[in-house]
Number of protein chains: 2
Amino acid sequence: MTDAPLTISDRIQRQLDDLTRAERQLAHSILENYPASGLGPLSALAKDAQVSVPTVARMVQKLGFNGYPEFQTELREELKAKAKDPIAKHDTWAGGAPSGHILNRFTDAVIDNIRHTLGQIDPQDFDTACAMAANTKRHLFIVGGRVTHTLAEYLFLHMQVIRPRITHIQSTSNTWPHYLLDVKPGDVFIIFDMRRYENNTLKLAEMAHAKGAKLILFTDQWRSPVHQLAQISFSSRIVVPSAWDSAATPLLLLETMVAAVQDLTWGDTKDRMEALEDMFDQTKLFRKFT
Amino acid sequence: MTDAPLTISDRIQRQLDDLTRAERQLAHSILENYPASGLGPLSALAKDAQVSVPTVARMVQKLGFNGYPEFQTELREELKAKAKDPIAKHDTWAGGAPSGHILNRFTDAVIDNIRHTLGQIDPQDFDTACAMAANTKRHLFIVGGRVTHTLAEYLFLHMQVIRPRITHIQSTSNTWPHYLLDVKPGDVFIIFDMRRYENNTLKLAEMAHAKGAKLILFTDQWRSPVHQLAQISFSSRIVVPSAWDSAATPLLLLETMVAAVQDLTWGDTKDRMEALEDMFDQTKLFRKFT
DNA sequence: CATCATCTGTTATTTCATTTTCATAAATAT
DNA sequence: ATATTTATGAAAATGAAATAACAGATGATG
């Protein structure tokens, strides 16, 4: 471990706390696409970060450089060194860690899962599912199991802002028969069921299905038995180098769905959102005006 | 639309024969450590290649640029594109959908977030945090906010299996002062706080800190104020083409941590796991019907 | 050998980018 | 609330770097 090159990126991050608001904003902008943006003219960098020109000049001084040109020179040196490095760390995600480190192995697996999963998704199915989730004429039920109820709740928290007529059911609870009384034909269930598949969830799906509800299922690559009842199923690859499965890919799908539903209903829910935003608004960490 | 982006390096090599002696000398100097040298001042490049300043200016014109600044700008663009490259070139993620489809746009953003986030994580910090989370001599508290409590609970559900002496606190609840009574110096808090940062979470962090507990923070790129109290912070990029933020990257980190802690404590907790799994199965039996 | 064409470097000019100065605004403490 | 410190941006002043104009050098051709 002789290498102590301490890149500028490192230095910026280390000093992040000593920086002022505008400077931090600038710092993030630099790191955003590093190092390219720092190699351009100072004024361009300033405009990009929406701070004034002197702010940039002051920050590079704070970082210990004698001026912007010196800062750039060092950036170029860094770039040169990186290009020459025979074992460029291009194939690792976490810079300083060996490729065998769990951070890199795990991330590799997740990216791979995402690629596989997305490759097998039918976009039309997805669009249909989003339309169903956006339809406020129908009641929307969200169902999760022992572990997956966290995903279900995450979805619920967001959909709650987007649309009314929505219920979160935890399949392990014994209160759910109550909810089912009100289910009408055409209502929509979004169900999460990953291995190991839960009897309760299946049972609930069956009853919902019997009542004429439409089911959308988020499951894993082996597919929960619920998928036979579901109108649309999304199967995620979830295997990672761990004793447990990864929820990252289903979460990605779920968040994408939230974004899509949001787009579909924007007109209706804009006010709804703003009202809620205000309610939660308590911090002013972000600049108000330029 | 298979862009053959035709790098500047390519263009130089292609035109190598049309160049004069001094220009060739210069060209080789540029390619020597590309692209770093081309991003410096023209005069430095000239001195480096031992040619005169106008020679450089003439050559960039010969290459089809309107001036040296334009040449540099294109170099930077190239660099920026290259930084994103690793797999972002995977033209579309969801096969049947156009690249502008939300599935592809969203996934692009998430992959980008992951790369950025992992690139900025210090593996040693990560290992340290995992060791802290694995230490059963200390009580482990897991804290989440309004939205992030889903992440907190997801972590809790897994850690619960791995180790004893663990508590999940929801910061929006008002029951938490209760838990804090028992906090001892050296206890560990894993705290989730993403924008918009919650006062309750900060308060709780302060009290825990005052009691001598060690804090591990999962936050976003702008970092919750809690980070000043935290021994270790992990900042995730969370911006996606949506009205909301993405929890995919923090989830990835969290799952990786679970895997790592699992590895650290495997000897101790193997039995524990099996016992718990059994218990869940039995519980299911009891709840089969309601 | 002379002449022309082309290449190259020196010098001068202009343009552009960085730095400095100063006034205002925000945050903090009193 | 008021005062004091600190942060920030607008604009002027400074400096450097890129371009243009010119002249010397090199090599080719008749």
Side-chain angles (χ1 to χ4, degrees), chain A residues 8 12 15-30 35-77 281-290, chain B residues 8 12 15-30 35-77 197 199 202 206 222-223 225 228:
Chain A
I8 291 184
I12 292 178
Q15 292 212 13
L16 215 53
D17 291 324
D18 305 338
L19 300 178
T20 66
R21 177 190 55 73
E23 287 169 345
R24 249 197 306 278
Q25 195 170 325
L26 168 62
H28 280 118
S29 176
I30 293 176
S37 54
L39 291 165
L42 185 152
S43 52
L45 189 55
K47 194 194 284 180
D48 230 46
Q50 298 188 313
V51 298
S52 69
V53 164
T55 299
V56 181
R58 276 189 289 258
M59 192 183 93
V60 296
Q61 295 222 339
K62 230 182 206 174
L63 288 171
F65 299 99
N66 252 347
Y68 190 71
E70 188 179 308
F71 167 77
Q72 288 192 312
T73 303
E74 200 150 321
L75 264 185
R76 279 195 302 274
E77 291 301 324
D281 191 5
Q282 45 205 0
T283 57
K284 33 183 177 178
L285 274 158
F286 301 94
R287 44 190 290 125
K288 300 150 205 163
F289 303 100
T290 44
Chain B
I8 291 184
I12 292 178
Q15 293 208 24
L16 214 55
D17 292 328
D18 305 341
L19 301 177
T20 66
R21 176 193 55 75
E23 285 171 345
R24 245 195 308 279
Q25 194 172 325
L26 167 62
H28 283 119
S29 175
I30 293 177
S37 52
L39 291 165
L42 187 151
S43 51
L45 190 55
K47 194 194 281 179
D48 228 46
Q50 298 187 316
V51 299
S52 69
V53 166
T55 300
V56 181
R58 277 189 286 260
M59 192 181 95
V60 296
Q61 295 220 340
K62 230 183 205 173
L63 287 170
F65 297 100
N66 250 350
Y68 190 70
E70 188 179 308
F71 167 78
Q72 287 193 313
T73 302
E74 200 149 321
L75 264 186
R76 280 195 302 275
E77 290 302 322
Y197 315 117
N199 280 327
L202 179 57
E206 279 166 354
W222 300 280
R223 303 202 291 185
Q228 294 176 334

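So you know, we letter chains A, B, ... as the sequences are listed, proteins then strands, and number each from 1. The structure displayed is predicted, hence computed values, not measured ones.
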Identify the pairs formed between an N or O of the protein and an N or O of nucleotides 6-8 of chain C at a distance under 3.5 Å, and give each distance.
| residue | atom | partner | partner atom | Å |
| --- | --- | --- | --- | --- |
| C:dT8 | OP1 | B:Arg21 | N | 3.4 |
| C:dT8 | OP1 | B:Ala22 | N | 2.8 |
| C:dT8 | OP2 | B:Thr20 | OG1 | 2.2 |

Whole-Å distance separating the [atom1] atom of [X] from the [atom2] atom of [N]:
X: A:Leu39; N: C:dA17; atom1: CG; atom2: P; result: 15 Å
X: A:Arg24; N: C:dA27; atom1: CZ; atom2: C1'; result: 14 Å
X: B:Asn66; N: D:dT19; atom1: CG; atom2: C1'; result: 12 Å
X: A:Leu26; N: D:dT8; atom1: CG; atom2: P; result: 11 Å

Carboxylate-amine/guanidinium contact B:Arg24 B:Asp17, below 4.0 Å |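 Answer for the salt bridge query: no.
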Ion pair check, A:Glu23 and A:Arg58, cut-off under 4.0 Å =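 No, this pair does not count.
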For A:Glu70, salt bridge (charged side-chain N to carboxylate O under 4.0 Å, His left out) partners two or more places apart |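 Checked A:Glu70 against salt bridge (charged side-chain N to carboxylate O under 4.0 Å, His left out); zero matches.
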Check for a donor-acceptor pair, side chain of A:Gln25 on one end and backbone N or O of A:Ala49 on the other, with a separation under 3.5 Å.
->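 Yes; judged by distance alone, with no hydrogens or angles, the pair exists.
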Report yes or no: does B:Thr55 contribute a side-chain atom to a donor-acceptor pair with the main-chain N or O of B:Val51 at less than 3.5 Å?
->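 Absent.
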Look at atom NZ of B:Lys47 and say whether more than 12 heavy atoms of other residues, nucleotides or ligands are closer to it than 6.0 Å.
->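 No.
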Residues, nucleotides or ligands: over 12 heavy atoms within 6.0 Å of B:Gln50 CD =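 No, not enclosed.
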Which residues in residues 67-74 of chain B have at least one heavy atom lying under 4.0 Å from any atom of DNA chain D?
->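 B:Gly67, B:Tyr68, B:Pro69 - these, ordered by number, are the residues of the stretch whose heavy atoms sit under 4.0 Å from the strand.
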Base, sugar-phosphate, or nothing: which does B:Pro54 touch, judged by heavy atoms less than 4.0 Å apart?
->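 Answer is base: heavy atoms of B:Pro54 come under 4.0 Å of a base.
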Using a heavy-atom cut-off of under 4.0 Å over every strand shown, decide if B:Val53 touches base, sugar-phosphate, or nothing.
->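 Base contact - B:Val53 has a heavy atom under 4.0 Å of at least one base atom.
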Roughly how far apart are B:Phe65 CZ and B:Ile8 CD1, rounded to 0.5 Å?
->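 CD1 of B:Ile8 is found 4.0 Å from CZ of B:Phe65.
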B:Leu42, nearest nucleotide to its side chain (from D:dA18, D:dA10, D:dA20) =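 Closest of the options to the side chain of B:Leu42: D:dA18.
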